[in-house]
Enquirer: 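Supplied in structure tokens, the structure appears directly below.
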Amino acid sequence: MTGLSLFASAGIGEAYLEKCNVTIVAANELVEKRAELYKALYPKSKMVCGDITDKEVFKKVMEAAKGIGFLIASPPCQGMSVAGKNRNQETMAADRRNYLITYVVEAIKKLEPEYVLIENVPALLKVKLQYLGRTYSVLDLLEHEFGRDYQISSGVVDAADYGVPQTRLRAIIKMYPKDVEWKWPEIVGHKVTVQEAIGHLPSIEAGEKSNVKWHFARKHDIRHIEWMKHTATGTSAFSNEIYYPRKKDGTKIHGYESSYRRIRWDTPAPTITIRNDAISSQRNVHPGRLLEDGTYSDARVLTPCELMLLNSLPGDWNLPDDTPEILIRQVIGESIPPLLIEKIVGELPCLKR
């Protein structure tokens, strides 16, 4: 089955779709550097880079996607994310980015794909939109426009329940023919831990490189390194009495326990954020290993390789060698884990192998 990817970013979530017998033949992404990376990863797909709200860009995307049977759409989530500033219904409804879902509606009308998968942060199912003079939730809007032709099913899922070594909640909306049963995948009996996913990689410190591709460590402020060396696995430097995070003038830094925090070995990783390059951001620091002197190794954020594995990407992912590190971090931080997409799409009876 051929497909279209809207708001594709670098296409990380699509990494395993070929295994499900889905070939994405057309895609759209606004940001050029992400679109260029998409083209490098999926050279057989027609990438249309540009603003889909522009009539000419939308027309090009529709022409490139003629005849597709599958549509996957990941409208930008910044306007809905609880990590952002727009948290209440009023501000979410006023945020222009949340209205990009209406272009998914228009694409469905024009292309009439058999199957549609829309994914976003959980707030996708709560946001209210003004559309054609009425107020709709996203589900109400889809039901109003397509309820006669499609079954529409939705839910919030945790990627860790489906074999991804990362806790990541996503809202999923599925649209499919009324005579088809598109089941939800079975939840795994064992959640993959950080230890199982990246425990085999060698310990490295800030600024060091290893012999493993993409397993190199960012340089960090010497003060941050010192604080984290004295921070145990699964805890925050804010719990340190002696090595408590302080400004250069010696005053204590005020923050949440989620900052300057090492993740744990024995559970799936916490949600990878777009600011996974900063020790001071949310739960980004390697778990570390206790050393003979009582300090902990790996006083650094996760490496690109570790991020890939924790996002369920393969160790031999065909990422171009010249891809900027910060771009890798950003597109992983904003992506849906590809194994979760594979599990969901793999339940389509028409694609069962």
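Quick note: residue numbers are just sequence positions, from 1.
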Enquirer: By ring-ring contact (aromatic ring centres under 6.0 Å, His included), which residues pair with Tyr16, not counting sequence neighbours?
Expert: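 Partners of Tyr16 by the ring-ring contact (aromatic ring centres under 6.0 Å, His included) criterion come out as none, since no residue qualifies.
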Enquirer: Under the 3.5 angstrom rule, does the side chain of Arg34 hit a backbone N or O of Val331 as a donor-acceptor pair?
Expert: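 Side chain of Arg34 to backbone of Val331, a donor-acceptor pair under 3.5 Å: no, none is there.
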Enquirer: Atom CD1 in Ile118, atom CG in Leu142: separation rounded to 0.5 Å?
Expert: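 It is 5.0 Å, given to the nearest 0.5 Å.
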Enquirer: Quick one: does Asp158's side chain get under 4.5 Å of Leu169's, heavy atoms only?
Expert: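 Sidechains of Leu169 and Asp158: in contact.
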Enquirer: Does Ser74 form a side-chain contact (heavy atoms from CB on, under 4.5 Å) with Glu119? I'd like the steps, not just the answer.
Expert: CA-CA 5 Å; Ser74 304; Glu119 68 87 16; 2.6 Å; yes
Enquirer: Give the minimum heavy-atom separation between Met47 and Ala8, together with the two atoms involved.
Expert: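 Residues Met47 and Ala8, closest heavy atoms: CE-CB, 4.4 Å.
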Enquirer: Which heavy atom of Val104 sits nearest to which heavy atom of Ala73, and what is that distance?
Expert: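 Taking every non-hydrogen atom into account, CG2-CB, 3.8 Å.
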Enquirer: Hey, is Lys213 close enough to Asp321 for a salt bridge, meaning N to O under 4.0 Å?
Expert: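 The answer is yes: the pair qualifies as a salt bridge.
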Enquirer: Say whether, by atom type as modelled, one donor and one acceptor occur between the side chain of Ser335 and the main chain of Ile12 under 3.5 angstrom.
Expert: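 Looks like no, no N/O pair under 3.5 Å.
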Enquirer: Test Arg218 against every option in Glu306, Glu325, Glu205 by the salt bridge (Lys or Arg N to Asp or Glu O under 4.0 Å) rule and name the one that passes.
Expert: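 When salt bridge (Lys or Arg N to Asp or Glu O under 4.0 Å) is applied between Arg218 and each of Glu306, Glu325, Glu205, only Glu325 qualifies.
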Enquirer: Once you round to the nearest 0.5 Å, how far does CD1 of Ile274 lie from CD of Gln330?
Expert: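 Rounded to the nearest 0.5 Å, the CD1-CD separation comes to 5.0 Å.
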Enquirer: Should the heavy atoms of other residues, nucleotides or ligands under 6.0 Å from CG of Asn211 be counted, would the total exceed 12?
Expert: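 No, because the 6.0 Å sphere around CG of Asn211 holds 12 heavy atoms or fewer from other groups.
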Enquirer: Does any N or O in the side chain of Asp293 come within less than 3.5 Å of the main-chain N or O of Thr295, such that one atom is a donor and the other an acceptor?
Expert: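 Yes; at least one donor-acceptor contact below 3.5 Å.
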Enquirer: Among Asn284, Leu309, Leu310, which one satisfies side-chain contact (heavy atoms from CB on, under 4.5 Å) with Leu302?
Expert: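 Answer after filtering Asn284, Leu309, Leu310: Leu310.
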Enquirer: Strictly distance-based, threshold 3.5 Å: is any side-chain N or O of Asp277 a donor or acceptor partner for the main-chain N or O of Ile326?
Expert: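 Not a single qualifying donor-acceptor pair exists.
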Enquirer: Should we say atom NZ of Lys109 is surrounded by more than 12 heavy atoms from elsewhere, each under 6.0 Å from it?
Expert: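 Result for NZ/Lys109: enclosed.
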Enquirer: Under the criterion side-chain contact (heavy atoms from CB on, under 4.5 Å), I'd like the reasoning laid out for Ser210 against Leu201: C-alpha separation, chi angles, the key distance, then a yes or no.
Expert: CA-CA 9 Å; Ser210 75; Leu201 294 171; over 6 Å; no
Enquirer: Can you confirm whether Glu208 sits close enough to Arg300 that some side-chain heavy atom of one is under 4.5 Å from a side-chain heavy atom of the other?
Expert: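 They are not in side-chain contact.
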Enquirer: Is the shortest heavy-atom distance from the side chain of Ser137 to the side chain of Lys126 under 4.5 Å?
Expert: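 The answer is no; the side chains never approach within 4.5 Å.
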Enquirer: Less than 4.5 Å apart, any side-chain heavy atom of Arg170 and any of Val121?
Expert: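 SC-SC contact between Arg170 and Val121 confirmed.
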Enquirer: Go through the steps to decide whether Ser312 and Gln166 satisfy the test side-chain contact (heavy atoms from CB on, under 4.5 Å), and finish with yes or no.
Expert: CA-CA 8 Å; Ser312 72; Gln166 177 194 167; over 6 Å; no
Enquirer: Looking at every non-hydrogen atom in both residues, tell me the closest pair between Pro349 and Glu181 and how far apart they are.
Expert: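 Answer, listing the atom of Pro349 first, then Glu181: CD-O, 3.4 Å.
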Enquirer: Side-chain donor-acceptor pair under 3.5 Å between Ser203 and Asp298, yes or no?
Expert: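 The criterion, which ignores hydrogens and geometry beyond distance, is satisfied for Asp298 and Ser203.
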Enquirer: Any sub-3.5 Å donor-acceptor pair from Thr303's side-chain atoms to Ala217's backbone N or O?
Expert: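 No; judged by distance alone, with no hydrogens or angles, the pair does not exist.
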Enquirer: Below 4.5 Å, heavy atoms only, C-beta onward: do Leu307 and Trp214 meet side chain to side chain?
Expert: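 In short, these two side chains do not touch, never coming nearer than 4.5 Å.
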Enquirer: I'd like to know if Lys191 and Asp161 make a salt bridge, using a cut-off of under 4.0 Å between side-chain N and carboxylate O.
Expert: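 Between Asp161 and Lys191 there is a salt bridge, with a charged N closer than 4.0 Å to a carboxylate O.
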Enquirer: Report the residue from Lys219, His224, Arg223 that forms a side-chain hydrogen bond (donor to acceptor under 3.5 Å, both in side chains) with Asp221.
Expert: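 The option that passes is Arg223.
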Enquirer: Between Arg261 and Gly234, what is the shortest heavy-atom contact and its length?
Expert: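 Shortest heavy-atom contact: NH2-O, 3.0 Å.
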Enquirer: Would Tyr296 end up clustered with Ile204 when hydrophobic side chains under 4.5 Å apart are linked, directly or stepwise?
Expert: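 No; Ile204 is not reachable from Tyr296 via cluster members.
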Enquirer: Which one of Val22, Val180, Ile68, Leu71 satisfies the side-chain contact (heavy atoms from CB on, under 4.5 Å) criterion with Tyr115?
Expert: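 That would be Val180; it is the only one of Val22, Val180, Ile68, Leu71 passing the side-chain contact (heavy atoms from CB on, under 4.5 Å) with Tyr115.
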Enquirer: So Met62 and Leu4, do their side chains get closer than 4.5 Å, heavy atoms only?
Expert: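 Of all side-chain heavy-atom pairs linking Met62 with Leu4, at least one is under 4.5 Å.
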Enquirer: Supply the atom-to-atom distance Tyr99 OH to Tyr131 OH, rounded to the nearest 0.5 angstrom.
Expert: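 So the OH of Tyr99 and the OH of Tyr131 are separated by 11.5 Å.
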Enquirer: Would a distance-only check, ignoring hydrogens and angles, find a side-chain to backbone donor-acceptor pair under 3.5 Å from Ser236 to Ser259?
Expert: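 Yes: the side chain of Ser236 pairs with the backbone of Ser259.
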Enquirer: Are the side chains of Arg329 and Val301 in contact, using a 4.5 Å heavy-atom criterion?
Expert: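 Val301 reaches Arg329 side chain to side chain.
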Enquirer: Under 4.5 Å between side-chain heavy atoms, hopping through other hydrophobics if needed: is there a path connecting Trp184 to Ile72?
Expert: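 Looking at the clustering, Ile72 is in the same group as Trp184.
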Enquirer: Please answer whether the main-chain N or O of Arg289 pairs with a side-chain N or O of Ser297 as donor and acceptor at a distance below 3.5 Å.
Expert: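 A pair under 3.5 Å: yes.
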Enquirer: Which side-chain hydrogen bond (donor to acceptor under 3.5 Å, both in side chains) pairs, counting each pair once, include a residue from residues 36-47, with sequence neighbours left out?
Expert: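 Applying side-chain hydrogen bond (donor to acceptor under 3.5 Å, both in side chains) to every pair that reaches into residues 36-47, excluding sequence neighbours, yields Glu14-Tyr38, Glu36-Lys39.
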Enquirer: NZ of Lys178: more than 12 outside heavy atoms within 6.0 angstrom?
Expert: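 It does: Lys178 NZ has more than 12 such atoms within range.
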Enquirer: Ignoring hydrogens, what is the shortest heavy-atom contact between Val164 and Leu339? Give both atom names and the distance.
Expert: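 Of all heavy-atom pairs spanning Val164 and Leu339, the closest is CG2-CB, 3.8 Å.
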Enquirer: How long is the straight-line distance from OH of Tyr103 back to CG of Asp51, given to the nearest 0.5 Å?
Expert: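 Here the interatomic distance stands at 7.5 Å.
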Enquirer: Hey, what's the ring geometry for Trp227 with Tyr260, parallel, tilted or perpendicular (30° and 60° as the breaks)?
Expert: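 Trp227 vs Tyr260 ring planes: perpendicular.
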Enquirer: Could you go through the salt bridge (Lys or Arg N to Asp or Glu O under 4.0 Å) check for Lys110 and Glu106 one step at a time?
Expert: CA-CA 6 Å; Lys110 287 187 176 294; Glu106 293 306 310; 5.9 Å; no
Enquirer: How close do Leu37 and Ala10 get, heavy atom to heavy atom, and via which atoms?
Expert: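 Taking Leu37 first and Ala10 second, the nearest heavy atoms are CD2-CB, 3.7 Å.
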Enquirer: With hydrophobic residues grouped by side-chain heavy-atom distances under 4.5 Å, do Ile52 and Leu30 end up in a single group?
Expert: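 The answer is no; the residues belong to distinct hydrophobic clusters.
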Enquirer: Find out if a path of hydrophobic residues (ILVMFWY) with successive side-chain heavy-atom gaps under 4.5 Å connects Val192 to Ile344.
Expert: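 Different clusters.
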Enquirer: To the nearest 0.5 Å, what is the distance between OH on Tyr243 and CD1 on Ile225?
Expert: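 CD1 of Ile225 is found 14.0 Å from OH of Tyr243.
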Enquirer: Compare all side-chain heavy atoms of Val127 with those of Ile101 and state whether any distance is below 4.5 angstrom.
Expert: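 Heavy-atom side-chain distance check fails, nothing below 4.5 Å.
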Enquirer: Would you confirm whether Arg168, through its side chain, and Ile336, through its main-chain N or O, come within 3.5 Å as a donor-acceptor pair?
Expert: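 Answer holds: no.
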Enquirer: Run the side-chain contact (heavy atoms from CB on, under 4.5 Å) test on Leu125 and Ile173 for me, step by step, so that the C-alpha distance in whole Å, both residues' side-chain angles and the decisive distance to 0.1 Å come before the verdict.
Expert: CA-CA 9 Å; Leu125 302 180; Ile173 299 173; 4.0 Å; yes
Enquirer: Can any side-chain N or O of Ser281 pair as donor or acceptor with the backbone N or O of Asn276 at less than 3.5 Å?
Expert: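 It does not hold such a pair.
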Enquirer: Is the terminal nitrogen or CZ of Lys252 (NZ for Lys, CZ for Arg) located under 6.0 angstrom from the six-membered ring centre of Tyr244 and within 45° of that ring's axis?
Expert: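 Because its charged atom sits under 6.0 Å from the ring centre and within 45° of the axis, Lys252 does stack over Tyr244.
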Enquirer: Donor-acceptor check, side chain of Glu347 to backbone of Trp182, threshold 3.5 angstrom: yes or no?
Expert: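 Pair absent, no side-chain N/O of Glu347 close to backbone of Trp182.
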Enquirer: Roughly how far, to the nearest 0.5 Å, is the CD1 atom of Ile108 from the CE atom of Met175?
Expert: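 Result: 4.0 Å between the selected atoms.
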Enquirer: Before we go on, tell me: are the rings of Tyr176 and Tyr150 under 6.0 Å apart, centre to centre?
Expert: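 Ring-ring flag for Tyr176/Tyr150: false, centres at least 6.0 Å apart.
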Enquirer: Is there a path of hydrophobic side-chain contacts, each under 4.5 Å between heavy atoms of I/L/V/M/F/W/Y residues, joining Val31 to Leu41?
Expert: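 Cluster IDs for Leu41 and Val31 differ.
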